[in-house]
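Working notes, beginning with the structure itself.
Ligands are counted one by one from 1 in listed order, and the atoms in each one are counted from 1 as well.
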Amino acid sequence: MFLRILVFALVQALAGLLGWFWLGWPGALLGTVIGASATLALDSWRGLRLLRWLREPGLSSPPVLRGLWGEAGYRVMRLLRAERRRADDSAQRLEDFLSAIQASPNGVILLDPEGRIEWCNDIAGQHFGIDPRRDLLQHIGNLVREPAFTAYYAGGNFEREVKLIGRADAPGHPVKLSVQLYPYGDDHKLLLSRDVTALAQADAMRRDFVANVSHEIRTPLTVLAGFVETMQTLPLSEAERASYLSLMAAQSERMQTLVNDLLMLSRLEGSPLPSASDTIDLPALMAQCEVEARGLSNLLHPADERPQRLVFGPPPRFTLAGAGSELRSAFSNIINNAVRYTPGGGTIEVACERLPDGRARLSVSDSGPGISPEHLPRLGERFYRVDRSRSRESGGTGLGLAITKHVLQRHGGELQVSSQPGKGSCFALLLPAHRVRSLNAPAGARP
Ligand code: ADP
């Protein structure tokens, strides 16, 4: 500022001096006036340039100006740059925030005080069939028309959630949503939607399971209680007592088998995955299964009936890495099923082979009644039976294939079933190549 006054005074003095030399005192006065006017004009021109620049819409770099105006331009530019940086940071933060909500597994919709959509993520779009761009500013009530939601929205009590059917719901593909509104800010609302289909299904499965277990246990228990009561109240002959006791033993054995299968299932669900370094003795396991199957076959088809023909292939030249007790249970389940469901005179063939892609395949083919195609997808569901009476008669629990499937899943394998009603069935266990070991290779080495 001091410099500015000094320059102004110097210009006046110089112009006055020049005027005095030229025209004397009137010239000095004239020179001072001209000097002052020129300084003022230059100053105004600089100020105007700065003003014109400030009026520019984009505000590029400021004009090059000297002195006070130059500094003013420079400082305005610095302020503007800081402001732009702050605005960019805020925009970036908002962008990051919206991306985070976009990545959320839940649906999020922001509603204005009138209930119109201000923003919505893609998941919410899928849940309610909303287009996150096209449907902006549409009233939520026009897009989510389920009566349960309309009543919930109109009720104004948002402390609880409401259960709705998702837009993608279709026969055989249920979609259940849990939706809740959270008021925030100035009468705005946040709508959160969660896909609870799996939870609802798990809940229904749990209820079915408890009902099935209770039913399976109640039947033999009722029979047992009836016999106990009979034995307590009626005078029975020794032969009758013996017959009742053997029937009671059969019922308690049925309950025991059921409880053992249930415990096996719960162990499979709760225990860590089988290690890939422990190898089992597959040939010994197959031999054990063969003894068990022949014993069961003789029991179910005594000598006076037509016997079954059990054909076991040559012992495998490979073994498997995994949990021995689990694999034994899976193998014996499908072998014993074939024995139990194939009538006398039928043939059961068991084979162990290694497929060209390195996987192991243990297959059991029978000439039994076969299974209609509509039942095949449901085999392996807990307590799902095709032939209820045959299953119960032969001591089945309805859990054998569920256990088998679970064991295979834990070993990275799969169950393949092919069947033709009236002709027979083939159940095959496929185990992945990384669990197969050549028997001539050192234990634990990969084939
Ligand atoms: P279960 O203890 O009743 O045998 P599983 O889970 O082992 O239970 O089998 C489920 C159902 O699949 C059986 O009830 C039976 O109806 C059918 N099934 C299984 N194996 C065979 C087979 N080899 N031949 C015909 N039906 C079979």
Side-chain angles (χ1 to χ4, degrees), residues 205 208-209 211-213 215-217 219-220 250-251 253-269 289-290 292-297 299-301 308-312 326-351 361-410 413-430:
M205 267 174 68
D208 284 357
F209 184 67
N212 275 323
V213 171
H215 176 77
E216 293 290 331
I217 290 192
T219 314
Q251 294 304 323
E253 195 182 323
R254 189 173 151 191
M255 282 200 289
Q256 210 165 13
T257 318
L258 178 68
V259 170
N260 283 345
D261 277 1
L262 287 170
L263 284 175
M264 177 77 181
L265 268 177
S266 97
R267 261 200 306 276
L268 289 176
E269 274 170 359
C289 287
E290 183 173 348
E292 196 182 296
R294 291 193 190 282
L296 183 66
S297 178
L299 194 78
L300 294 174
H301 305 281
Q308 288 174 330
R309 206 165 68 88
L310 267 65
V311 185
F312 277 76
E326 292 182 21
L327 291 169
R328 184 177 135 53
S329 170
F331 295 164
S332 70
N333 272 337
I334 59 164
I335 298 174
N336 291 352
N337 273 358
V339 173
R340 283 166 48 223
Y341 293 105
T342 304
T347 305
I348 291 144
E349 287 176 48
V350 180
R361 183 173 190 268
L362 180 131
S363 62
V364 183
S365 315
D366 64 54
S367 61
I371 301 167
S372 308
E374 70 269 19
H375 294 292
L376 295 181
R378 297 200 60 187
L379 290 181
E381 279 180 25
R382 291 165 187 199
F383 298 111
Y384 187 79
R385 290 166 167 122
V386 181
D387 183 345
R388 277 186 179 274
S389 54
R390 184 89 194 88
S391 162
R392 293 223 170 85
E393 265 168 39
S394 57
T397 58
L399 294 174
L401 289 181
I403 292 175
T404 304
K405 265 190 145 173
H406 218 107
V407 168
L408 286 171
Q409 211 179 1
R410 285 164 54 79
E414 59 173 305
L415 174 69
Q416 273 183 351
V417 187
S418 55
S419 187
Q420 266 191 308
K423 294 218 166 124
S425 316
C426 176
F427 285 76
L429 311 185
L430 285 169

Using atom types as modelled, flag every donor-acceptor pair under 3.5 Å from a side chain in residues 414-423 to any protein atom, sequence neighbours excluded.
{"from": "Ser419", "atom 1": "OG", "to": "Ile371", "atom 2": "N", "distance (Å)": "2.7"}
{"from": "Ser419", "atom 1": "OG", "to": "Gly424", "atom 2": "O", "distance (Å)": "3.2"}
{"from": "Ser419", "atom 1": "OG", "to": "Ser425", "atom 2": "OG", "distance (Å)": "3.0"}

Exercise. Is there a side-chain contact between Leu362 and Ile334 (heavy atoms, below 4.5 Å)?
Worked result: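 They are in side-chain contact.
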Exercise. Would you call Arg382 and His406 a side-chain contact if the rule is heavy atoms closer than 4.5 Å?
Worked result: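 Arg382 reaches His406 side chain to side chain.
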For this session: Might you list the protein residues in contact with ligand 1, defined as having a heavy atom under 4.0 Å from one of its atoms, sorted by chain and number?
Result: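 The 4.0 Å shell around ligand 1 contains Asn337, Ala338, Arg340, Tyr341, Asp366, Ile371, Leu379, Tyr384, Arg385, Val386, Asp387, Ser391, Gly396, Thr397, Gly398, Leu399, Gly400, Leu401, Ser425, Phe427.
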Exercise. Among side-chain atoms of Gln308 and Thr342, is any donor-acceptor pair under 3.5 angstrom?
Worked result: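 Looking only at side-chain atoms, Thr342 and Gln308 do not form any donor-acceptor pair under 3.5 Å.
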Exercise. Charged N to carboxylate O under 4.0 angstrom, Glu292 versus Arg328?
Worked result: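 The answer is yes: the pair qualifies as a salt bridge.
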For this session: Work out which heavy atom in Gly396 is nearest to a heavy atom in Arg340; give both atom names and the distance.
Result: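 For Gly396 versus Arg340, the nearest heavy atoms are CA-NH2, 3.1 Å.
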